[in-house]
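Just below is one structure, and these are the notes that go with it.
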Amino acid sequence: MKGNSIGKKFVITCFGESHGRCVGAVVDGCPAGLKLSEKDIQKELNKRIPPKSEIVSARREKDIVEILSGTFNGFTTGAPICALVWNKEVIPSEYDLIKDKPRPGHADYPARIKYGSFNDYRGGGRFSGRITVAFIMAGAVDKKLLSLFGVEVLAYAIEIGKVKLHATPTLEEIRRNTYKTAVRCPNLESAKEMEETILKAKKEGDSVGGIVECTASNVPIGVGEPLFDSLDADIAKMLFDVPAVKGVEFGAGFKAARLKGSENNDPYAICAGKIVTLTNNAGGILGGLSSGMPILVRVAIKPTPSISKKQKTVDLSKMEETVIQVKGRHDPCIVPKAVPVIQSAVAIVLTDHMLRAGIIPKVLRRQK
Ligand SMILES: Cc1cc2nc3c(=O)[nH]c(=O)nc-3n(C[C@H](O)[C@H](O)[C@H](O)COP(=O)(O)O)c2cc1C
C-alpha cells in the first residue's frame, strides 16, 4: 500500500490502522527551533471529540499523544518528529459482520478485491476516519509554526444536512464559538439546528453529510509553485485525501461558472496603503499563487456510510445477495470530527509551500 506520504519540503507520513496498535505521523522537514511539547498536540487532538454529546460515536477515543523523536529540551531539532496515539478502544468483533459483506459507501469491497485476505477490514483498517488523527497531530505542528509567521488557519461547519449557517461569521466569532458547539459551527443558533438534524438522522438509523469551510489569513503573496504544484491544486489534493471528502471549491467555486466576468472578477483597491481586492471570489488564489487575500476553501463531506438502516449488499463468501445493518460505533455525521482534520490538511500544505518559498527558514529564531 503506497501513497502514505505527502509534501516536498515538509513531508508527512501517516501510519496505523483503526484496530491496529496505534495511529501516528512522522513529520520530516520541520525547522529546528520550534517550541513544541506533547501539550501542543494534545490540545488539537482533544478538539476531535466534543464533550458529552450524542452526535458522536460511543467510541470516545480519549487519545493521549506521545512524541517519540525530533524534540530536545522542548524545541524541535530539525530531525523527523514521530508522534503517535495508542488504539485503546478496540472491539474487533464488532466488525465480523463486514468481513464478507461489504458496507455500501465504504471502502470494504474495493479494498478486499485489491488486497485480498490481507486486508485489515477491522473498523475499516487503513480506510477508517481514525487515520485522520495523524493529520491532526501533524497539523498541530504546522499550527504552531505558521503562527510564528502570522498565518492563521480556521475551519468550521457551515452546513449539516439541509441546515445552513444563518449568517457569514466574523473571524472573531469563528475563534470564539466554533469549539463551543458540538457540531463545530461558529453560529450558536445554527449549531443547535444542525445538532437536531444529526440526532434525527441517528434516531432513524441514518446519517447526514455537510460542508466545512476553511480560511487561511495573512498568507504572503506568491505562495504556490505553478504549474503542477499550484497552491489550489495541492490544497485540493490534500483535502481529497481526507476520507469522505467529495467536493472542494475555492472562493465562488462552482457558482463562478454562472457569473459574468464583471461579476466574478475581484476589483483591486488600496486600503491603508495596501493593495486588496474588494471581493474574494478567487478565494485568495490566482494562477496557483496566493493573492494576499484570505484563502477560502469549502469541502463537501458525504453522509457517514456505516448506518444501521437495512441496506442491500452481497455475501462474498457465498456469492449471493443479502442485507446488512451496520453495527459498531459510528458517527451519524462526520462533519464535526472532520473540522479539525480539514484545518490541519490546509495548514500542512501551506507549511510545505512556505518552506519551499523560503518564507519559513530551516532554523528558527529562539522563541520564549
Ligand atoms: C473524521 C472522520 C470520521 C469518520 N468516521 C466514520 C465512521 O464512523 N463510520 C464510517 O462508516 N465512515 C467514517 N468515515 C468515512 C470513511 O472513512 C470513508 O467514507 C471511507 O473510507 C470511504 O472513503 P470515501 O468516502 O472517501 O470514498 C469518517 C471519515 C472521517 C474523515
Side-chain angles (χ1 to χ4, degrees), residues 1 3-4 14 16-19 23 25 44-50 53-61 63 85 87 89-91 94-95 97-98 101-115 119-139 155 157 160 182-184 198 201-202 205-212 214 236-248 299-309 311 313 324-346 348:
M1 205 182 272
N4 302 301
C14 297
E17 300 82 17
S18 170
H19 282 48
V23 173
E44 296 306 310
L45 270 185
N46 293 349
K47 292 182 179 168
R48 285 189 80 231
I49 315 286
S53 176
E54 284 182 73
I55 65 158
V56 288
S57 73
R59 186 169 174 170
R60 303 296 305 166
E61 297 174 291
D63 292 314
V85 297
N87 290 331
E89 287 187 57
V90 169
I91 312 177
E94 275 183 353
Y95 292 94
L97 177 78
I98 62 164
K101 294 179 189 168
R103 289 168 292 178
H106 216 293
D108 306 339
Y109 180 62
R112 158 86 170 244
I113 297 304
K114 179 158 183 172
Y115 303 107
N119 184 47
D120 180 357
Y121 58 85
R122 301 165 306 161
R126 195 70 183 134
F127 301 91
S128 164
R130 181 148 175 79
I131 58 145
T132 59
V133 168
F135 293 35
I136 297 181
M137 289 193 279
I160 286 183
V183 290
R184 308 327 195 182
I198 297 176
K202 187 182 173 183
D206 219 327
S207 61
V208 281
I211 298 177
V212 176
C214 184
K237 183 194 165 0
M238 179 82 199
L239 290 171
F240 275 117
D241 289 332
V242 176
V245 166
K246 292 295 137 190
V248 173
V299 181
I301 313 252
K302 76 183 193 183
T304 317
S306 301
I307 53 173
S308 58
K309 236 184 191 172
Q311 295 177 92
T313 187
I324 187 168
Q325 266 186 293
V326 182
K327 297 200 184 81
R329 298 155 296 167
H330 297 281
D331 298 307
C333 181
I334 292 166
V335 171
K337 271 192 191 166
V339 165
V341 178
I342 299 299
Q343 186 171 307
S344 300
V346 172
I348 288 167

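We count ligands from 1, going down the list as the structure has it; atoms in each ligand are counted the same way.
Close approach of ligand 1 to Val242 (heavy-atom distance below 4.0 Å) involves ligand atoms 31 (C).
Going from atom NZ of Lys337 over to atom CG of Asp331 covers 3.5 Å, rounded to the nearest 0.5 Å. Ile334 CD1 to Thr132 OG1: the interatomic distance, rounded to the nearest 0.5 Å, is 9.5 Å.
Residue contacts with ligand 1: Arg48 is placed with no nitrogen or oxygen under 3.5 Å of a nitrogen or oxygen of the ligand (distance criterion only). Checking only distances, Phe127 does come within under 3.5 Å of ligand 1, N or O to N or O. Considering backbone and side-chain atoms alike, Ile334 places every N or O at 3.5 Å or more from each N or O of ligand 1.
A distance-only check finds no donor-acceptor pair linking the side chain of Asp206 to the backbone of Lys309 [under 3.5 Å]. In terms of modelled atom types and a separation under 3.5 Å, the side chain of Thr313 and the main chain of Arg103 share no donor-acceptor contact. Arg184 contributes a side-chain N or O that, together with a main-chain N or O of Lys47, makes up a donor-acceptor pair within less than 3.5 Å. Here the side chain of Ser207 pairs a donor or acceptor atom with the backbone of Thr304 at under 3.5 angstrom. Between the Asp120 side chain and the Gly125 main chain, no donor and acceptor come within less than 3.5 Å of each other.
Residue Lys302 holds the heavy atom nearest to atom 19 (O) of ligand 1 of all those in His106, Arg126, Lys302, Lys337. Among Asp331, Val133, Val326, Val341, the residue whose heavy atom lies closest to atom 8 (O) of ligand 1 is Asp331. Proximity annotation for atom 11 (O) of ligand 1: of Pro110, Ser306, Ser18, Ser306 comes nearest, heavy atoms only.
Residue Lys246 places a heavy atom less than 4.0 Å from ligand 1. Within the 4.0 Å heavy-atom shell around ligand 1 one finds Pro305.
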